[in-house]
Structures are given as structure tokens and as C-alpha cells.
2 protein chains.
Amino acid sequence: MSVGHTQVTASAEPVVSCGGEHEDCGIREVLDRIGDKWSVLVIVELAQGVRRFRQLQRAVPGISQRMLTLTVRRLERDGLVSRTVYPTVPPQVEYELTPTGHSLTHLVKALADWSAAHREGIAASRRAWDAAHPDAGIR
Amino acid sequence: MSVGHTQVTASAEPVVSCGGEHEDCGIREVLDRIGDKWSVLVIVELAQGVRRFRQLQRAVPGISQRMLTLTVRRLERDGLVSRTVYPTVPPQVEYELTPTGHSLTHLVKALADWSAAHREGIAASRRAWDAAHPDAGIR
DNA sequence: CAGCATCCCGGCCGATACTG
DNA sequence: CAGTATCGGCCGGGATGCTG
């Protein structure tokens, strides 16, 4: 953390101005789509390649089959994931990222990178804040 | 949308592999932090410069003062936003992005860009899916 | 102006049981 | 294996009212 003598003037260059408007950009739409508990994790796993239902569930620890179904269904509806059913017995279903879905992985990588870069500092900030505010309802 | 003859082999180059592990990267941590309903919007507004409480509330349409308080408190706790109180009367409080918070704006911009680029295609995919699945509990 | 306290509802998500 | 159906808890977040 080098937050000492940095002369970053945040207010100088507006990186995100929503195109000049103070409106909600499409940001909320993306977050409504991948901001839920499981979508990104499923996407990360599918970024590795084609996966079957059970494979996905094992790869994403803690997800219930219900949530996996819902998550993968929503991603399919949004055109981020393709679903292929092979009429075999027992049934076999394969999930794969579409080109659009694949383009999301770059975004996810950016998120992961940012997280890795600031995880420490944020954790420290939290500890400091919690120490300074013994009785806070925020946690 | 040019999703015609693209030969993007998603499974060829794993963009996000969490560093070789199939673990949860820090992605969920970022999303737990900015994936909520208001954080990004507040950040976007603060990216423009220093803002006071009321200013923020007016700039972010629809946010309640309760949620603005909680949001800004959490951001402060994580060290993304600084809070400066001027002991005047009436009280005056200024919020500003910290360097760490400012670094987030690049990420937010990436989100906005992706959203703008795929909004159309996703909406179309949804319409198609909904049409193909008249009675779906997913909506 | 800048908050905090309280009430309350909707939906996200987990657990469990059942089907083709 | 790959789902669907149902129930229920938790909590994010809106509405309202009160303080310094």
C-alpha cells in the first residue's frame, strides 16, 4: 500500500461520466446480471471449456442444484451460455460460453485483478475502521 | 451484433483461470463490495468530484437516505471513500474517492463499456428465449 | 443538513423431496 | 444424470419518523 504521498487528483479526470449524463449507465444492468451469488463463478468455470451439469456443480463448491439450474438458465436466456442436450440415457447436457459470454471473461479477469491488487489494503482499512468504531451496526 | 461466423474458440484460451486453481478468486469479494444496488452509482457520482450528502442523494435518483448512509459508510470502511466533517451549523459532510476508490472507476468504466456493447444483443436474446418458452418461471 | 431507529415486505437462496 | 417442485429463513432495502 503506497497511499502516502500520492498526488492522485481524483476529481481532475472524470473516468466514468456515463457519457456526460448523470444517468444510470448500463452498469446496473451488468451487475443485475452477474452481480448475483453464482453467475461469475459459473462463468469462470465455463471459461475453461465445455462442462456438463454435474461437472459444474462439483466445480463450484457450495452451489445447490437448484441455484445452478437457475443460474445457468438465466445465463442461457441472456445469450451468454449455450445449452446442448444429447438425448442419451442417462441424459447428458453440455454448457458452453457463447462469444458474448466469452467476452465477459475479460471483464471478470479485470475484477479478479483489481481484487487481488487491493484485497490487502481493503482488509486493513476494515480492521482499522472496526477498531475505531467498536459498536457499529454495519459490521 | 456479429455473432455469425465467428470462430471464437472459448475453450482454447482460458482468460480467467484463477491462477491455475479452480478456487474462488477474489471476484466474489469485489462483487460483495460493489455488487449491491447502489455502490457503483455512488462511486460514479463521486468520480466527478467531491460531493456532500444531499448532493449525492439528489445525484443518485431513487436512493433513500438510509441506503445512502449505509452505502457510503461501507465504502468508507473499505477505504474507497473518505468522509470529512466540517463542524459548522448546519453540519456539512464531504465525501470523496480515495486513490483506491478512484482506481475502481476504471473497472466501473469497463463494466459500462461492456454493457453498452452487449445491451442490444442480450435484450434480443431474452426476447427470443421468452418467446420460445412461453411458460417459464424464470422471467 | 446529515444522519439514526424502527417497521416491514419481497425475493434470493438453501434444504429437501420427487421425476424422466 | 439432469433436472422440477415446494417450503421456509434471511436480509437487502424501502417508508416513515425522530435527533443534533
Side-chain angles (χ1 to χ4, degrees), chain A residues 24 28 31-42 45-46 50-78 81-96 129 132-139, chain B residues 24 28 31-42 45-46 50-78 81-96 129 132-139:
Chain A
D24 175 2
R28 279 255 39 96
L31 290 178
D32 286 341
R33 189 153 291 115
I34 65 164
D36 68 298
K37 193 170 181 180
W38 302 108
S39 290
V40 266
L41 302 179
V42 170
E45 180 59 25
L46 285 179
V50 181
R51 291 290 185 273
R52 298 176 52 173
F53 190 85
R54 276 283 159 188
Q55 256 182 312
L56 273 179
Q57 186 165 11
R58 275 185 299 250
V60 182
I63 195 172
S64 64
Q65 76 281 50
R66 168 187 152 79
M67 286 318 294
L68 180 54
T69 301
L70 283 177
T71 302
V72 96
R73 226 29 118 239
R74 283 195 278 247
L75 292 174
E76 185 198 2
R77 183 168 100 108
D78 291 342
V81 161
S82 69
R83 178 173 177 268
T84 314
V85 182
Y86 298 94
T88 60
V89 42
Q92 176 169 346
V93 180
E94 284 184 353
Y95 294 94
E96 187 175 11
W129 198 93
H133 304 259
D135 46 352
I138 229 178
R139 277 266 306 210
Chain B
D24 174 2
R28 279 255 40 96
L31 290 178
D32 286 341
R33 190 154 290 115
I34 66 164
D36 68 299
K37 193 171 181 181
W38 301 109
S39 290
V40 266
L41 302 179
V42 169
E45 180 59 25
L46 285 179
V50 180
R51 292 290 186 273
R52 298 177 51 176
F53 191 86
R54 276 284 158 187
Q55 256 182 312
L56 273 178
Q57 185 166 12
R58 275 185 299 252
V60 182
I63 196 173
S64 64
Q65 77 280 54
R66 168 187 151 79
M67 286 318 295
L68 180 54
T69 301
L70 283 177
T71 301
V72 96
R73 229 25 122 239
R74 284 195 277 247
L75 292 175
E76 186 199 1
R77 183 168 101 107
D78 291 342
V81 161
S82 69
R83 178 173 177 268
T84 314
V85 182
Y86 298 94
T88 61
V89 42
Q92 177 170 344
V93 180
E94 285 185 353
Y95 294 95
E96 186 176 12
W129 198 93
H133 304 259
D135 46 353
I138 228 178
R139 272 275 298 217

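Convention: sequence-line order gives letters A, B, ...; per-chain numbering from 1.
For the pair B:Arg33 CZ and D:dG12 P, the interatomic distance rounds to 14 Å; values are reported in whole Å. Rounded to whole Å, atom P of D:dA2 lies 13 Å from atom CZ of A:Arg51. Summarising the geometry, the separation between CZ on A:Phe53 and P on C:dG20 is reported as 18 Å, rounded to the nearest angstrom. One can place CE of A:Met67 at 15 Å from C1' of D:dT4, the figure rounded to the nearest angstrom. A straight line from CG of B:Leu70 to C1' of C:dA5 spans 12 Å, rounded to a whole angstrom. Rounded to an integer number of Å, the gap from CD of B:Glu94 to C1' of C:dG3 is 16 Å. Spacing between atom NE2 of B:His133 and atom P of D:dG3 amounts to 12 Å, rounded to whole angstrom units. If you measure from atom CG of B:Asp32 to atom P of D:dG12, you get 10 Å, rounded to the nearest angstrom.
Side-chain contact between A:Leu46 and A:Glu96: absent, with no pair of heavy atoms (C-beta onward) separated by less than 4.5 Å. For the pair B:Leu31/B:Arg28, a side-chain contact is recorded, criterion being any heavy-atom separation below 4.5 Å from C-beta on.
Judged by closest nucleotide on DNA chain D, A:Val72 is the one of A:Val72 and B:Trp38 placed further toward the 5' end. Residue whose closest nucleotide on DNA chain D sits further toward the 5' end, between B:Gly35 and A:Gln65: A:Gln65.
Checked by atom type, the side-chain pair B:Arg51/B:Tyr95 shows no donor-acceptor distance below 3.5 Å.
At D:dC1, one or more side-chain N or O atoms of A:Arg54 fall inside 4.0 Å of OP1 or OP2 (strictly under the cut-off). For the OP1/OP2 pair of D:dG14 and a distance below 4.0 Å, the side-chain nitrogens and oxygens of B:Arg66 include no atom meeting the criterion. Of the side-chain N and O atoms in B:Arg83, one or more sit less than 4.0 angstrom from OP1 or OP2 of C:dG3. OP1 and OP2 of D:dA2 both lie 4.0 Å or more from every side-chain N or O belonging to A:Arg73. Using a 4.0 Å cut-off, no side-chain N or O of A:Tyr95 falls inside it from OP1 or OP2 of D:dC1.
Within the model, atoms CG of B:Asp78 and CH2 of A:Trp129 stand 10.0 Å from one another, a figure rounded to the nearest 0.5 Å.
Distances were taken from every side-chain heavy atom of A:Asp36 (C-beta onward) to each of C:dC13, D:dC1, C:dG3; the shortest belongs to C:dC13. When distances are taken from the side chain of B:Pro91 to each of D:dG20, C:dG14, C:dG20, the shortest belongs to D:dG20.
Under the 3.5 Å distance criterion, the side-chain polar atoms of A:Gln55 are matched with a main-chain donor or acceptor of A:Arg52.
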